[in-house]
Colleague: 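This structure is in C-alpha cells; I'll ask about it shortly.
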Amino acid sequence: MERVARASSLLPLSIFLGAVFLVPHTAAGEAYRWVYPWIPGLGVNLSFLLDGLSVLFALIISGVGFFVTLYAVDYLHGHRHTGRFFLFLHLFMLSMLGLVSADNVLALFVFWELTTIFSYLLIGFEHESAESRKSARQALLVTGAGGLALLVGFLLLGIAAGTYEISRMVPMAASLQEHPFYGAILAMLLLGAFTKSAQFPFHFWLPNAMAAPTPVSAFLHSATMVKAGIYLLARFHPVLSGSAAWTATLILVGAATAVMGAFTALGQSDLKKILAYTTVSALGIMTMFLGGQLAPSLMAAMTFLLVHAIYKSALFLVAGIIDYQTGTRQLEKLSGLARSMPVTALGAFAACFSMAGFPLFFGFVGKEIMYKGALAETMMPNLTASAAVLANGLMTAVAGIFLIGPFLTGPARHGEPGAEACGSMCSGPLILGGIGIFFGIVPEFVGSYLVSPAVASFHAHMERVKLELFHGINTPLVLSAVTLSLGAILYLSRKRVNRAVCRSYQAIGLDGSRVYDRVIEGVAAVGRLQNRLLQNGSLHRYFAVVVASFVLLTGYSYLSGVQALPDIGAPGLATRQWLLLLVLLAAVGAVVVTRSVLLAICALGVVGAGIAMIFLAHGAPDLALTQLLVETLTVIIVSVILLRLPGLGGAGRKSRARKSFDAALALSVGALMTTLALAMLSSPLDRSVTAFYEQSSYLAAHGRNIVNVILVDFRSLDTLGEIIVVATAGLAGFALIHRRRGRS
Amino acid sequence: MSPVLVLPIVLPFAVAAATLWFRDDPRRQNRMAILGSLLHLAACSLLFIRVVRGGMQTMQVGGWEAPFGITLAADHLSVVMIMVTAVLGLAVTIYSRAEIDEELLRSGYHPLLYILLGGVCGAFLTGDLFNLYVWFEVMLMASFGLLVLGREKRQFDGGVKYVMINLFATLLFIAGVGLLYGMTGTLNLADLHLAVQEVDNQALLAAVAAIFMTAFGIKAGLFPLFFWLPASYHTPPAAVSAILAGLLTKVGVYALIRLFSLVFIFDVAYTHGLLLVAGVITMFTGVLGAAANNEFRRILSVHIISQVGYMVLGLALFTPLALAGAVFYLLHNMIVKANLFLISGLSARISGSFELKKLGGLYRDHRYVALLFFISAFSLAGFPPLSGFWAKLLLVRAGLETGAYWAAAAAVVVGLLTTYSMTKIWGEAFWKPSPERSESSEGKDPTGKPDMWMLLPISGLAGLTLIIGLVPGPFLEVAERAAHELTHPQIYVNAVLGGK
C-alpha cells in the first residue's frame with residue numbers, strides 16, 4: 001500500500017510539470033479553453049479556461065500536493081486507513097484543479113462542493129476522536145452554508161447575464177453592475193468566498209480544522225482549499241468589482257480578518273493553531289488587496305498568495321515533523337530542536353524568514369508590493385496600509401515565536417530529543433524553504449512569469465508593475481523597516497499584548513464558534529419543540545389538526561368565492577322518510593356517545609342499513625342489496641378483529657372543553673359537506689355519460705341490468721380493484737388474527 | 001389498444017396470487033417474487049420505451065371509448081413513476097430475501113408487497129378519477145397489511161394511526177369525486193379538464209379543489225397533515241419501510257401534480273399559491289423534526305416530509321422548469337430515500353440497532369457500506385455531483401426565475417439542514433467507534449457481516465444515484481418532456497379523447 005501511495009505522487013508531479021510547460025504560453029497572454037457539454041439543456045458545461053490565474057493556482061496546488069503526498073506516506077506509516085487517505089487527498093486535488101480552471105460557474109460550483117466534501121472526509125480522518133468529528137462537521141456546515149449562498153449567487157448571475165460562462169460575463173460587466181440583482185449577487189458570492197476563505201466572522205472553522213492530520217492542514221487548510229475564496233474574488237474581479245460596495249466590503253472584512261487573525265495567533269501555544277491563525281490573517285490580507293482597483297494592489301494580492309502558499313505549507317510540514325518526532329506541538333514543551341533536527345530547522349528558518357519578511361526572502365518582496373499597492377489606491381489607502389503594517393508586524397513576531405522558542409533556546413528539555421525525520425519528510429520543508437529564497441532573489445522572474453500573467457487574466461488594463469528586490473528608498477521601504485521593528489517590539493512584549501488581546505475578546509464576547517454551537521443546538525431544540533407540539537403520539541390530536549385544516553381550507557375556499565349559500569328549504573319528505581332519518585340520526589348519536597365498542601359497531605351497522613333503505617326508496621334495489629351485504633360483513637369482520645385485539649387505548653375520559661371542541665369540529669364538517677352537496681345538487685347533472693350507459697348496455701354490452709353492466713363491463717377495472725381491496729383486507733385481517741393465535 | 005399499458009398493473013397482481021398460492025413454501029415464494037419483479041421491470045421498461053419513442057400511450061379498457069369506460073393513459077410523468085416503482089420493487093424484493101423471515105413470508109408478505117406495487121402502478125397509469133380512488137384503496141389496504149404484519153405492538157400502534165388518518169383522506173377523496181361528478185357528469189380526467197371549464201359555480205369548484213388538496217396532502221404528508229408518517233414508518237422491517245417511503249407519499253404527490261395540472265387549473269394563483277405556502281412550511285417542518293431525532297429510521301422518515309415539500313414546491317411554482325424539477329426530484333428522491341432505508345436495515349443487521357447511540361464503527365469495518373451510505377446521504381443533502389443536487393438546482397433556479405425568492409431561499413436553507421441530519425447519522429453510525437467494540441474486545445455483534453442479498457440492491461440503487469448525478473442529461477430530458485406535457489394539458493386530452 002505504501003508503495004502505491006508513494007507512486008501516486010506521480011499524479012501531482014505530472015500535473016505540475018504540465019502546468020510549468022504552460023507557463024511561457026500564459027505569460028505571453030495566451031489562454032486555453034476547452035468545452036465538453038455536460039447538460040446542455042441547463043447550460044451546464046464542463047468548460048475549462050486555462051489562463052495565467054488558473055496556471056498560478058494549478059502550480060501551487062500540484063506543487064504543494066506533490067510534497068505533501070511524499071510527506072504523508074511516512075507521516076501515516078502503518079495507519080489503518082492509508083488507502084482511503086490518499087484516495088481522498090488526490091480526489092481533493094483534482095477537484096481543486098477543476099475549481100481553478102472551470103469557466104462555467106455551475107461546473108465551478110460542483111468542484112467547489114467537492115472540495116468541501118473531501119475536506120470533510122479529511123478533517124474527520126481520525127474519525128474515532130470526537131473532536132475530529134465535530135470539527136469536520138463544523139467545517140462542512142459553515143463552508144456548506146457559504147456554498148449554498150454561492151449557488152444562489154451563481155444562479156442569479158446566470159439569470160442576469162443569460163449565460164453561465166464566466167468568460168462571457170466579463171464583457172457584460174458594466175450592464176451586470178446595473179442589474180437589479182447586482183447587490184444580491186455580490187452578497188451571495190462574497191458569502192461563499194468569505195466562508196471558504198475563513199474571513200471574519202466565519203473564520204472559526206479553520207483553526208478547528210487543525211484536527212486533521214498535518215499533511216491535510218498543510219495542503220487543504222493553508223495552501224489550497226482556503227484559497228478557493230480568494231480565487232473566486234480574483235476570478236470575478238472583472239465582473240463585479242468597481243463598485244464602492246465591493247471595495248469597502250473587501251477592505252473592511254479583509255483588514256479585520258488580517259489584524260484579528262494575527263493578534264490571535266500571537267497567543268496560541270499549539271504550533272498548528274499558531275499557523276492556522278496566521279493563515280486566517282494572510283487570507284484577510286489577500287482579500288483586502290483584492291478590494292483594490294489598481295494593478296499594484298492586485299499584484300500584491302497574487303504575490304502574497306504565492307509567498308504564503310510556499311512558506312505556510314513548509315511551516316505546516318515542519319510542525320508535523322516536530323509533532324511526529326517529539327510527540328508534542330506545545331510551544332512550552334519544545335526546545336533545542338535546531339540541534340536535534342538540523343535539516344528541518346533549516347527549512348523552518350527559511351520559511352519563517354519569508355513569513356517575517358526579511359530582505360532577500362520572497363516574503364520581503366511580497367510586503368513591498370503590498371505597501372506600494374495600498375498607497376496607490378484611492379479608497380481607504382491609509383486604512384489598508386496600516387492594517388497591512390500591523391498584520392505583517394504581528395506575523396513577524398509570530399515567526400519569532402515559532403523559531404526562537406522551539407529551535408534556538410536551551411538544550412532539548414524534552415525526554416526524547418526527537419531525532420531528525422527521514423529524508424522524504426524533511427525534503428518538503430527544505431525545498432519549499434529554498435524556493436522561498438530563490439524567488440526572493442529573482443523577483444523579476446517570478447513577477448513576469450507567474451504573478452503578472454495571473455493578474456492580467458482578471459485585470460485588463462494592466463500597466464506594468466515589476467516585482468523588484470530593491471525599489472530604492474521610498475515609502476514602502478520605510479514601511480518595511482517599520483514592520484520589522486514593530487515585529488521585534490511585539491515579540492518582546494508578546495505576553496502583555498496577549499493578555500490585552502484576551503481581555504478585549506472577553507469584553508467583546510464575540511465568538512463565531514459559540515454562535516455556531518448555539519445554532520446547532522438551537523436547530524435541535526426547535527425540532528424537539530415542534531415534535532412535542534405536533535408529533536406527540538396522540539391520534540386524537542392528529543385527527544383534530546387534520547380535520548380542522550380540512551374544514552378551514554375547504555370552508556375558506558368556498559366561502560371566499562360564494563355569492564349566495566345554497567337554498568336549504570324544507571325537503572318535502574314523506575313521514576316514513578322522516579322516520580328513517582330519525583333512526584339514522586339516533587344511530588349516529590349512539591356511535592358517538594357509547595363507550596362500548598360492540599355497541600358502536602352495531603350502531604354503525606344500523607346507519608349502513610338505513611342508507612340501504614334510502615337506496616331502496618330511490619329505486620336502486622341492487623345497490624341496496626349490495627350495501628346490506630357489505631354492511632353485514634363489515635359488522636362481523638370488524639367485531640371479530642376488534643374483539644380479538646387489545647384495546648386501542650386512549651379512550652379515557654376527556655375534558656368538557658375538549659369534548660365541545662370535538663363536537664364543534666364534527667358538526668362543522670357535517671355542515672360543510674352538506675352545504676357543498678346542496679350546492680352541487682342545485683345545478684343539473686350532465687347526463688351524457690349516463691345516457692351512453694342507458695343506450696349501450698343492452699345493445700353493445702348485451703346486459704339488461706345497467707348497474708351490472710357498469711360493474712362488469714364499462715368499469716370492470718374498478719371492480720377488479722375493489723375485489724383486490726377486499727381480498728387484501730382479508731389477507732391483512734387474517735395475518736393479524738393468525739399471529740395472535742400463534743402467540744397465545 | 002395495447003396490452004403494454006395493462007401489464008405493469010396486472011403482473012404484480014399475478015405475482016401476488018402466485019406467491020399466495022405457495023404461501024407455505026417460502027423458498028419458492030422468494031424465487032417467484034424475484035422472477036416476477038424482473039418481469040415487472042421488463043414490462044415497465046417496455047412501456048417506458050414506447051412513450052419515450054412514440055409519445056403518450058393510451059388504452060380504453062374493455063374497448064369502451066373515453067369518457068365512457070376507464071382509460072389508462074401513460075405520459076412521461078406516468079412512465080417515469082412506474083419505472084422507479086419497478087426498480088424499487090426489484091431492489092426490495094431482492095433485499096427481502098435476506099431480511100424477511102419465514103414467518104412473515106408465511107403470513108403473506110409477498111402477496112401484500114405485490115398488491116401494493118400493482119396498486120401503485122395502477123394509480124400512476126389510470127386516466128380516470130374514480131379508478132384512481134380504487135388504486136388508493138388497494139394501496140392503503142396492502143400497506144396497512146405490510147405495516148402490521150410483523151406482529152409487534154408498536155407496529156400495530158403505528159399501523160392504526162396510519163390507517164385511520166389515511167382512511168379519512170380516502171373519505172375526502174371519494175367525497176370530492178362525488179361532488180365533482182355531480183358538477184360535471186364525468187370521471188375521465190381528460191374529460192374533466194374540459195368539463196371543469198364549463199362549471200359556473202367557481203366557489204364550489206374551489207371547495208372541491210381544496211378537498212382534493214387536503215386528501216392528497218394527507219397522502220403526500222404535507223404540513224399539517226403528515227402525522228401518520230412519523231408515527232408508523234420506523235416500525236416495520238426495513239424492506240417495508242423502504243418500499244413505503246419510496247412509493248406511498250410519492251403517489252400522493254403524483255396525484256397532486258396530475259390533478260393540479262390537468263383538472264384544477266381554474267385559479268392557479270389561489271390553488272398553487274396555497275401549495276407554495278404548504279410546500280415551504282412542509283420543507284422546514286420535516287427537516288426540523290428530523291434534527292431532533294436520534295434514531296436512524298426516524299430521521300429518515302421525518303425527512304420524507306421535508307422532501308415532499310420540495311416536490312410540491314415544484315408543482316406550486318408551475319413553470320416548465322419547476323415541474324421538470326419536481327419530476328426530477330421525485331425520480332431522485334424515490335431511489336435515494338428507499339435506499340437509505342435499506343442501508344439503515346443493513347446497518348442494524350451489522351450492529352443490532354437503529355439507535356444512533358448504539359451504532360458505530362461502520363466506517364472503520366465496513367467501508368463499502370459506508371461508501372454506499374455516503375453517496376445516498378450526500379445526494380439527499382443535495383451535494384454535487386449527485387442526483388439530489390440537480391433536483392435542487394432546478395427548483396432553486398425555477399424559484400429565482402419566477403421571483404419566488406423566499407421559496408428559493410427556503411429550498412437552499414433546508415438543504416443545509418438536511419446536511420445537518422445526514423452528517424449526524426454519518427458521524428454517529430459510521431465514524432464513531434462502535435460502542436460494542438469498546439466493551440468487549442472484538443464484536444459480539446448480531447451477524448457482523450453484511451449479507452450479499454442486502455448489498456446487491458443497495459449497490460444497484462446507489463449506482464443509479466451516481467449515474468443520475470454524473471449523467472443527468474437524459475433523465476433531465478425525460479423530466480422536461482413530462483413538464484412540457486403537464487403544462488400543455490391539451491396533449492393529454494387529445495391523446496385520451498382522440499382530439500375531439
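Order of the sequence lines fixes the chain letters, A, B, ..., with proteins taken first and strands second; residue numbering starts at 1 for each chain.
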Colleague: Could you tell me whether the side chain of B/Ile211 reaches within less than 4.5 Å of the side chain of A/Phe550, counting heavy atoms only?
Modeller: yes
Colleague: B/Leu172 versus chain A, heavy atoms under 4.5 Å apart: side chain, backbone, both or neither?
Modeller: side chain
Colleague: Output the option from B/Pro224, B/Ser421, B/Gly473 having the highest count of non-hydrogen pairs under 4.5 Å with chain A.
Modeller: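 Going by pairs under 4.5 Å, I would pick B/Pro224.
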Colleague: Do B/Tyr363 and A/His81 have side-chain heavy atoms sitting under 4.5 Å apart?
Modeller: yes
Colleague: Measure B/Leu146 against the heavy atoms of chain A and call it side chain, backbone, both or neither at under 4.5 Å.
Modeller: neither
Colleague: Tell me, side chain or backbone of B/Phe223 under 4.5 Å from chain A's heavy atoms, or both, or neither?
Modeller: side chain
Colleague: Given a strict heavy-atom distance threshold of 4.5 Å, which part of B/Ile218 is in contact with chain A: side chain, backbone, both, or neither?
Modeller: side chain
Colleague: Which region of A/Leu141, side chain (C-beta onward) or backbone (N, CA, C, O), has a non-hydrogen atom less than 4.5 Å from a non-hydrogen atom of chain B, or is it both or neither?
Modeller: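 Both backbone and side chain.
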Colleague: Would a 4.5 Å heavy-atom cut-off, applied to side chains only, mark B/Pro67 and A/Phe692 as touching?
Modeller: no
Colleague: Looking at B/Phe430, I'd like to know if the NZ or CZ of B/Arg364 sits under 6.0 Å from its six-membered ring centre while staying within 45 degrees of the ring's axis.
Modeller: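 No, B/Arg364 and B/Phe430 do not form such a contact.
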Colleague: Does any backbone or side-chain atom of B/Leu205 lie under 4.5 Å from a heavy atom of chain A? Answer side chain, backbone, both or neither.
Modeller: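 For B/Leu205, there is no contact with chain A at all, as no heavy atom is under 4.5 Å.
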Colleague: Could you look at A/Tyr542 and say if it's the side chain, the backbone, both or neither that has a heavy atom under 4.5 Å from chain B?
Modeller: both
Colleague: Can you tell me which portion of B/Ala408 sits under 4.5 Å from chain A's heavy atoms? Options are side chain, backbone, both or neither.
Modeller: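 The answer is neither part of B/Ala408.
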Colleague: Please classify the contact of A/Ile159 with chain B as side chain, backbone, both or neither, using a heavy-atom distance under 4.5 Å.
Modeller: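 The side chain, not the backbone.
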Colleague: Please classify the contact of B/Leu179 with chain A as side chain, backbone, both or neither, using a heavy-atom distance under 4.5 Å.
Modeller: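 Interface part for B/Leu179: both.
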Colleague: For A/Asp718 and B/Tyr133, run side chain to side chain contact (heavy atoms under 4.5 Å, CB included): C-alpha distance rounded to whole Å, both residues' side-chain angles, the deciding distance at 0.1 Å, then the answer.
Modeller: CA-CA 9 Å; A/Asp718 287 344; B/Tyr133 166 77; over 6 Å; no
Colleague: When heavy-atom pairs shorter than 4.5 Å are enumerated against chain B, which of A/Leu140, A/Thr675, A/Val526, A/Val726 gives the highest number?
Modeller: A/Leu140
Colleague: Less than 4.5 Å apart, any side-chain heavy atom of A/Met680 and any of B/Met183?
Modeller: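 Yes. Closest side-chain heavy atoms under 4.5 Å.
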Colleague: Take A/Phe118 and A/Ser95, measure what side chain to side chain contact (heavy atoms under 4.5 Å, CB included) needs, and give me the verdict at the end.
Modeller: CA-CA 9 Å; A/Phe118 290 117; A/Ser95 315; 3.7 Å; yes
Colleague: With a 4.0 Å cut-off on N to O distance, would you call A/Glu128 and A/Arg133 a salt bridge?
Modeller: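 No salt bridge links A/Glu128 with A/Arg133.
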Colleague: Are the side chain of A/Trp38 and the backbone N or O of B/Leu470 linked by a donor-acceptor pair below 3.5 Å?
Modeller: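 Checked: pair present.
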Colleague: Using a 4.5 angstrom heavy-atom cutoff, name the option from A/Ala149, A/Ser682, A/Gly721 with the most pairs to chain B.
Modeller: A/Gly721
Colleague: Are the ring centres of A/Tyr693 and A/Phe714 closer than 6.0 Å?
Modeller: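 Yes: the rings meet the under 6.0 Å criterion.
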Colleague: Mind listing the closest non-hydrogen atom pair of B/Trp426 and B/Ala370 along with its distance?
Modeller: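 Shortest heavy-atom contact: CZ3-O, 3.4 Å.
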Colleague: Tell me which of these, B/Phe130, B/Trp135, B/Trp228, has more heavy-atom pairs under 4.5 Å with chain A than the rest.
Modeller: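 Looking at each of B/Phe130, B/Trp135, B/Trp228 in turn, B/Phe130 comes out on top.
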Colleague: Side-chain contact, heavy-atom cut-off 4.5 Å: A/Leu114 with B/Pro384?
Modeller: no
Colleague: As an exercise: rank B/Gly360, B/Ala381, B/Ala292 by heavy-atom pairs under 4.5 Å with chain A and give me the winner.
Modeller: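 Highest number of heavy-atom pairs under 4.5 Å: B/Ala292.
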Colleague: Is B/Asn293 close to A/Asn531 at the side-chain level, that is, under 4.5 Å between some pair of heavy atoms?
Modeller: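 Yes, their side chains come closer than 4.5 Å.
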Colleague: Can you say whether B/Thr423 sits under 4.5 Å from chain A via the side chain, the backbone, both, or neither, judging by heavy atoms?
Modeller: both
Colleague: Out of B/Thr285, B/Thr184, B/Thr186, B/Leu225, which one racks up the most heavy-atom pairs below 4.5 Å with chain A?
Modeller: B/Thr285
Colleague: Who wins among A/Ile710, A/Val689, A/Val562, A/Leu529 for the most heavy-atom pairs under 4.5 Å with chain B?
Modeller: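 Maximum pair count with chain B is reached by A/Val689.
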Colleague: Determine, step by step, whether B/Phe284 and B/Val413 satisfy the side chain to side chain contact (heavy atoms under 4.5 Å, CB included) criterion, reporting the C-alpha distance in whole Å, the side-chain angles of both residues, the deciding distance to 0.1 Å, and the verdict.
Modeller: CA-CA 9 Å; B/Phe284 274 108; B/Val413 173; 4.1 Å; yes
Colleague: At a heavy-atom separation under 4.5 Å, does B/Tyr181 approach chain A through its side chain, its backbone, both, or neither?
Modeller: both
Colleague: Most heavy-atom pairs under 4.5 angstrom with chain B, which of A/Glu113, A/Gln530, A/Lys134?
Modeller: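 Option with the top pair count is A/Gln530.
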Colleague: Does the ring centre of A/Trp112 sit less than 6.0 Å away from the ring centre of B/Phe389?
Modeller: no
Colleague: Is it the side chain or the backbone of B/Asn201 that comes within 4.5 Å of chain A heavy atoms, both, or neither?
Modeller: side chain
Colleague: What part of B/Asp128 lies closer than 4.5 angstrom to a heavy atom of chain A: side chain, backbone, both or neither?
Modeller: side chain
Colleague: Do B/Glu428 and B/Lys424 meet the salt-bridge criterion of a basic N to acidic O distance under 4.0 Å?
Modeller: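 Not counted as a salt bridge, because no side-chain N and carboxylate O are separated by less than 4.0 Å.
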Colleague: If I measure from the heavy atoms of chain B, does A/Ala184 come under 4.5 Å with its side chain, its backbone, both, or neither?
Modeller: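 Neither; nothing under 4.5 Å.
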Colleague: Chain B: which of A/Arg541, A/Arg528, A/Arg80 shares the most heavy-atom pairs with it under 4.5 Å?
Modeller: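 It is A/Arg80.
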Colleague: For chain A, find which of B/Phe144, B/Trp390, B/Phe378 contributes the most heavy-atom pairs closer than 4.5 angstrom.
Modeller: B/Trp390
Colleague: Could you check whether any side-chain heavy atom of B/Leu187 comes within less than 4.5 Å of a side-chain heavy atom of A/Arg715, counting everything from C-beta outward?
Modeller: yes
Colleague: Measuring heavy-atom distances to chain A, does B/Leu417 have an atom under 4.5 Å in its side chain, in its backbone, in both, or in neither?
Modeller: side chain
Colleague: Tell me, for B/Leu394 versus chain A, whether the close heavy atoms (under 4.5 Å) come from the side chain, the backbone, both or neither.
Modeller: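 Only the side chain of B/Leu394 comes within 4.5 Å of chain A.
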Colleague: I want to check something: taking the side chain as every heavy atom from C-beta on, are A/Leu150 and A/Leu191 in contact at a cut-off of under 4.5 Å?
Modeller: no
Colleague: Can you tell which of A/Leu156, A/Ile520, A/Leu106 has the highest number of heavy-atom pairs within less than 4.5 Å of chain B?
Modeller: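 Most pairs with chain B among the choices: A/Ile520.
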Colleague: Non-hydrogen atoms of chain A under 4.5 Å away: do they reach the side chain of B/Ile9, the backbone, both or neither?
Modeller: neither
Colleague: Between B/Arg367, B/Met213, B/Gln202, which has the largest tally of heavy atom pairs under 4.5 Å with chain A?
Modeller: B/Arg367
Colleague: Counting only heavy atoms closer than 4.5 Å, note whether A/Ser688 contacts chain B via side chain, backbone, both or neither.
Modeller: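 For A/Ser688, the backbone is the part near chain B, not the side chain.
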Colleague: Can you tell which part of A/Phe181 gets under 4.5 Å to a heavy atom of chain B, answering side chain, backbone, both or neither?
Modeller: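 For A/Phe181, side-chain heavy atoms alone lie under 4.5 Å from chain B.
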